Amino acid sequence: MKKKSLQISIISSSIFLVFLLFFSLGMRIFFTNFFTDYLSKIGLKENKSISSQLSSRLKGDYREFTIYIEENDNEALNGKEVRIHDDYYLGFGDVTSSGLVFEDGIEVPFKTNLQPVFAGQTINIGTKSDFFDGTFIDDEVGIYFIKNNRFGYFSAKDYLDDIVGKRNFALVRNDGLILYNDMSKTEFTNLGGYFKKSEKIVEDLENNLDYYKVSESVDGKLFVTYSKIEEVEGIYYLDAVSYHDYIFNLNVIHRVLAVVIISAIGVMLIVSFIAAYFLTLVYRDLELSTYAFSYNTIPIVIINQRGKIHFRNKKFKELFANHKKTKNITDILETSMDKILKLVPIKVWLRDISINLLGVRMIPVKSTMHTYTLLMYPFLEQDELDEGETKINAKTNLPGLNKFRNDIDEIFKSEVPLVDANMIAVIKIVNLQMFDMMKGSTFTDELVYRVSEKLRKLVEKTNFSQIYQSYDNSFVLLYKSKGTNISLRDIRRILEDFGDEVLFEEFKVSLRAGLYEFNTKLERSSAIIMYEKAKFACEDVIQSSNSLYGIYDNTLDIKLRKQIQITEDLEEGIRKKEFIIYYQAQYDSRLEKVVGFEALLRWNNPKYAQVSPLEYIEVAEKSAVILKIGDLVLEQAIEAAKKLEKEKVTISVNISPNQLMQVGFVNKVRSYLEKYEVNASQIILEITESVVIKSFYDVISKLNELRNLGVKIQIDDFGTNNASLRYLKDLPIGGFKVDRMFVKDLNVDRHSKAIILMLFNLAKNLDLDVVVEGVEEHSQYEYLTKRGARYIQGYYISKAVKFDEAVKLLNKKIRKRTEG
Ligand code: C2E
Ligand code: CA
Ligand code: CA
């Protein structure tokens with residue numbers, strides 16, 4: 001994988017590098033052209049402005065000169081002091097065929113053949129040695145105006161400096177003759193000597209074109225502009241600047257460009273390497289941007305098709321902090337992989353009671369061949385479950401938990417805080433699930449509606465401020481500070497008023513309440529946590545008390561905390577593989593040998609070793625932990641069955657309600673049977689009556705599937721629930737286990753005897769197996785077997801023991817004694 005990422009990064013980097021090279025080359029050409037062009041425009045403009053100043057000055061002065069010449073003849077001028085432009089002393093003379101004759105009579109001969117040109121030019125600018133033969137003591141630059149074979153002459157240095165200043169310039173004639181040269185330390189009379197390639201310049205001058213050029217000269221590379229001095233025949237103003245100075249800006253740009261490009265290459269190399277690394281690590285198209293994935297504001301996980309979590313983003317870790325190490329998504333959410341793999345958005349519940357959330361809307365997306373991305377939108381209340389459904393419960397017209405939460409928030413926000421004894425009451429209808437099982441949901445709906453109507457009226461008569469309905473058909477009352485006693489009196493009144501009244505058909509309904517008091521100054525829990533605590537108090541009162549209501553107090557708080565603690569310990573116990581299975585023998589009194597074992601959980605941990613699994617199983621059932629434990633028991637039990645294949649011994653496994661109702665449970669059983677090549681008839685699943693009550697019809701179809709698989713089903717703890725007889729005939733089961741409660745009292749209690757005999761009879765008529773549990777003494781054994789009990793389980797046979805010891809029990813025989 002690393003190799004591949006290296007390849008990708010090298011290839012992409014080199015492509016990028018080549019691109020950058022071409023890019024920078026292009027940029028260089030572009031910038032050079034652009035700047036030369038740009039600078040030349042500025043240069044030409046400057047040049048023109050100087051040459052036009054020069055031109056207008058020369059033109060004006062020349063005009064002054066001609067007027068003067070026309071008005072005065074030669075003689076009149078001789079010896080006269082004349083100034084031009086008020087500044088310059090003007091000397092006069094005549095132009096002859098061979099040279100100039102100055103007014104003082106001195107003759108200066110032209111250089112060879114210069115005469116026609118010099119005389120044809122109205123203005124000449126240059127030193128005497130430029131134009132004339134001979135040596136001159138003061139050979140400074142002069143300007144010569146010529147009109148009708150007469151000339152005027154004056155010193156040019158200050159004249160030109162006034163306008164041109166300190167620039168490097170030259171005045172050039174269109175034949176290439178340099179009239180005046182301020183460019184070079186060396187004197188040059190012709191452009192041909194100065195520029196290495198002057199032809200073009202001369203040619204352009206002849207064509208009177210304004211021009212700029214980068215040219216190599218004796219003084220190095222120059223940026224040259226020149227323009228015609230308008231209306232002065234054949235003279236050009238030429239401006240020259242060192243190209244390097246001129247183009248300095250350009251070099252700075254090049255350097256900046258170079259730095260940018262080099263750092264871009266660097267960054268690109270690093271980024272492409274990282275990107276390639278991650279891309280090859282997991283080929284996720286959805287998370288091409290790992291950043292977006294990681295910092296997304298909704299929780300996101302990536303799982304494989306078995307639900308194993310590959311990645312979790314920041315938000316997920318934050319929200320599901322309890323599940324830092326949980327490996328499978330189905331341990332966190334109440335769903336199955338079958339559902340997720342359909343790739344349609346679904347709403348799912350959290351398994352975890354310690355998380356302050358109820359569920360998430362999940363959008364599963366297939367991201368690669370083998371992975372799926374789950375986008376999740378958590379929500380708090382079931383009220384939000386169905387889009388479009390109002391927050392008011394459609395059947396009872398009561399507001400939901402959402403409104404409850406808002407109202408609580410309002411209380412905390414209100415300016416005058418309500419300090420004492422605010423109260424939340426969660427009210428449940430006792431045995432609602434059983435009504436549902438026996439009479440169906442239409443009945444339950446009607447019942448809930450009637451209860452809600454009555455409750456609403458009762459609440460109006462009390463000091464409770466509001467009534468809400470929760471998703472599980474319980475009710476929530478909110479009470480705003482008027483003193484604890486009043487609220488307790490009110491709640492008792494409400495619950496008692498329900499009392500014995502027949503509400504619906506022949507059914508009496510009784511309610512229980514859990515109360516949670518809070519103080520806006522001290523309370524730290526959120527609305528939902530407070531609700532959960534009141535609910536906990538309510539469940540506690542239903543389970544283990546005769547009172548109508550219970551208050552969430554210190555004792556309950558400790559209990560709740562203990563539950564959370566146990567849940568955490570369970571998780572850790574699973575990780576540390578502390579759970580083992582013991583086997584308790586089941587004796588067939590007819591065949592007179594052990595024919596089966598019940599698998600019972602043991603926790604190899606000093607804190608829990610002596611604790612009956614009942615205690616922590618009950619806690620485990622409230623969260624996803626039960627699934628993991630159940631799974632491990634199931635697998636080990638089936639593995640044990642394989643070892644006892646020859647003996648045809650059955651293994652009974654306790655299946656918790658949640659485990660049974662888990663989607664995919666049947667498949668799980670099947671896959672373990674296949675994995676260990678175990679005959680299904682060797683396996684018995686023990687389910688409790690509570691699961692049957694919870695969702696009767698779902699359970700039946702589930703049990704049918706299991707039966708078709710070949711495994712047997714037995715009802716555990718049979719007889720402890722009074723509803724048993726009602727549904728027994730409809731269930732696809734192979735037998736039941738008589739709870740040891742009846743055996744215990746066998747000797748003392750006539751009723752227990754009667755019930756046991758009735759159960760035996762029932763089993764016989766329905767052709768069901770009966771296993772009697774909790775047989776501790778020989779007398780019990782004999783009494784039961786004499787009355788037809790076939791399968792016996794209990795300490796009298798054996799306690800639950802390790803597998804190796806259990807195997808030894810296969811030789812055990814109960815000796816028949818004739819006396820009891
Ligand atoms: P259960 O399924 O009714 O299991 C029988 C319980 O009665 C066991 O307690 C067993 O040790 C005990 N027992 C058996 N013979 C006698 C006897 O002669 N006298 C007395 N006094 N007790 C006897 P244990 O192992 O403490 O298990 C308690 C409960 O924990 C079980 O009741 C079952 O509901 C649950 N449980 C145990 N293992 C598992 C498991 O793997 N999965 C699930 N879901 N629940 C389990
Ligand atoms: Ca059992
Ligand atoms: Ca039992």
Side-chain angles (χ1 to χ4, degrees), residues 566 570 573-574 578-587 594 596-604 608-640 650-662 665 668-669 672 683-691 712-721 724 733 735-747 759 769-781 784 789 791-803 806 809 814:
I566 292 177
L570 284 166
I574 292 168
E578 288 173 351
F579 290 100
I580 41 174
I581 298 180
Y582 274 44
Y583 296 87
Q584 186 177 32
Q586 294 173 332
Y587 192 77
V594 170
F597 293 101
E598 177 176 4
L600 290 165
L601 192 64
R602 294 293 178 267
W603 193 346
N604 194 2
Y608 296 97
Q610 302 307 317
V611 179
S612 163
L614 263 180
E615 280 189 37
Y616 49 83
I617 288 282
E618 189 191 343
V619 179
E621 287 206 39
K622 293 192 180 177
S623 73
V625 178
I626 189 65
L627 303 177
K628 292 183 194 167
I629 294 178
D631 213 40
L632 112 208
V633 173
L634 184 66
E635 179 163 10
Q636 287 186 39
I638 292 182
E639 198 181 358
T650 59
I651 302 283
S652 297
V653 189
N654 293 287
I655 301 299
S656 89
N658 279 342
Q659 199 183 354
L660 179 72
M661 294 322 289
Q662 167 74 344
F665 175 73
K668 193 162 266 173
V669 175
Y672 286 143
I683 302 299
I684 297 171
L685 303 181
E686 295 185 9
I687 60 168
T688 56
E689 290 172 286
S690 64
V691 65
K712 275 193 208 115
I713 294 141
Q714 290 180 353
I715 304 271
D716 205 354
D717 305 336
F718 191 78
T720 50
N721 192 300
S724 311
I733 55 170
F736 54 80
K737 299 181 81 170
V738 177
D739 193 75
R740 70 166 178 273
M741 172 175 102
F742 303 110
V743 181
K744 197 176 77 191
D745 300 336
L746 210 54
N747 299 332
L759 291 179
D769 288 341
V770 180
V771 182
V772 187
E773 288 188 288
V775 179
E776 295 183 355
E777 294 161 15
H778 181 76
S779 61
Q780 292 166 335
Y781 176 83
L784 293 163
Y791 302 103
I792 304 293
Q793 184 183 343
Y795 293 171
Y796 179 63
I797 312 295
S798 166
K799 289 197 171 186
V801 293
K802 285 186 179 156
F803 182 78
L809 293 170
I814 304 289

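All values below come from the heavy atoms of this structure, side chains included, with hydrogens, waters and symmetry mates left out. Quantities reported herein were computed from a predicted structural model and do not represent experimental measurements. One-based numbering, in listed order, for ligands and for the atoms of each.
Because the distance cut-off is set at 3.0 Å, Ser652 fails to qualify as a neighbour of the Ca ion (ligand 2), as none of its N, O or S atoms comes that close. Between the Ca ion (ligand 3) and Asp739 there is no N/O/S contact shorter than 3.0 Å.
Of all the N, O or S atoms in Asp717, the one closest to the Ca ion (ligand 3) is OD1. When the N, O or S atoms of Asp716 are ranked by distance to the Ca ion (ligand 3), OD1 comes first. The minimum distance between the Ca ion (ligand 3) and any N, O or S atom of Glu773 involves atom OE1.
Neither the backbone nor the side chain of Lys737 comes within 4.0 Å of ligand 1, counting heavy atoms alone. For Thr688, no heavy-atom contact with ligand 1 is shorter than 4.0 Å. Contact annotation for Arg740 and ligand 1: only side-chain heavy atoms (C-beta onward) come within less than 4.0 Å of the ligand. Contact annotation for Val633 and ligand 1: only side-chain heavy atoms (C-beta onward) come within less than 4.0 Å of the ligand. The residue Lys799 has no part lying near ligand 1, judged by heavy-atom distances below 4.0 Å. With a 4.0 Å heavy-atom cut-off, ligand 1 is reached by no atom of Gln636. Within the 4.0 Å heavy-atom criterion, neither part of Ile581 lies near ligand 1. Counting heavy atoms under 4.0 Å from ligand 1, residue Gln659 does not touch it at all.
Of all the heavy atoms in Tyr587 and Ile814, the pair that sits closest is OH-N, 2.9 Å. Minimum interatomic distance between Leu634 and Phe665 (heavy atoms only, all atoms of both residues): CD2-CE1, 4.3 Å.
Under a 4.0 Å criterion applied to the non-hydrogen atoms of Glu773, ligand 1 contributes the atoms 3 (O), 5 (C). Each of the following atoms of ligand 1 lies closer than 4.0 Å to a heavy atom of Ser656: 44 (N). Atoms of ligand 1 found under 4.0 Å from any heavy atom of Asp717, numbered from 1 in the order shown, are 3 (O). Within ligand 1, the atoms closer than 4.0 Å to a non-hydrogen atom of Glu598 are 2 (O), 4 (O), numbered from 1 in the order shown. For ligand 1, the atoms closer than 4.0 angstrom to any heavy atom of Glu776 are 17 (C), 18 (O), 19 (N), 20 (C), 21 (N). Those atoms of ligand 1 that come under 4.0 Å of a heavy atom in Arg602, given as number and element, are 11 (O), 25 (O). Close approach to Gly774 involves these atoms of ligand 1, each under 4.0 Å from a residue heavy atom: 16 (C), 17 (C), 18 (O).
When rounded to 10 degrees, the angle formed at the Ca ion (ligand 2) by OE1 (Glu686) and OE2 (Glu598) equals 90°.
An N or O contact shorter than 3.5 Å links Leu601 to ligand 1 by distance.
Selection from Asn654, Leu614, Leu634, Ile687 by nearest heavy atom to atom 39 (C) of ligand 1 gives Asn654.
Ion pairing of Glu598 with Lys737 is present here, as a side-chain N (NZ or NE/NH1/NH2) and a carboxylate O approach within less than 4.0 Å.
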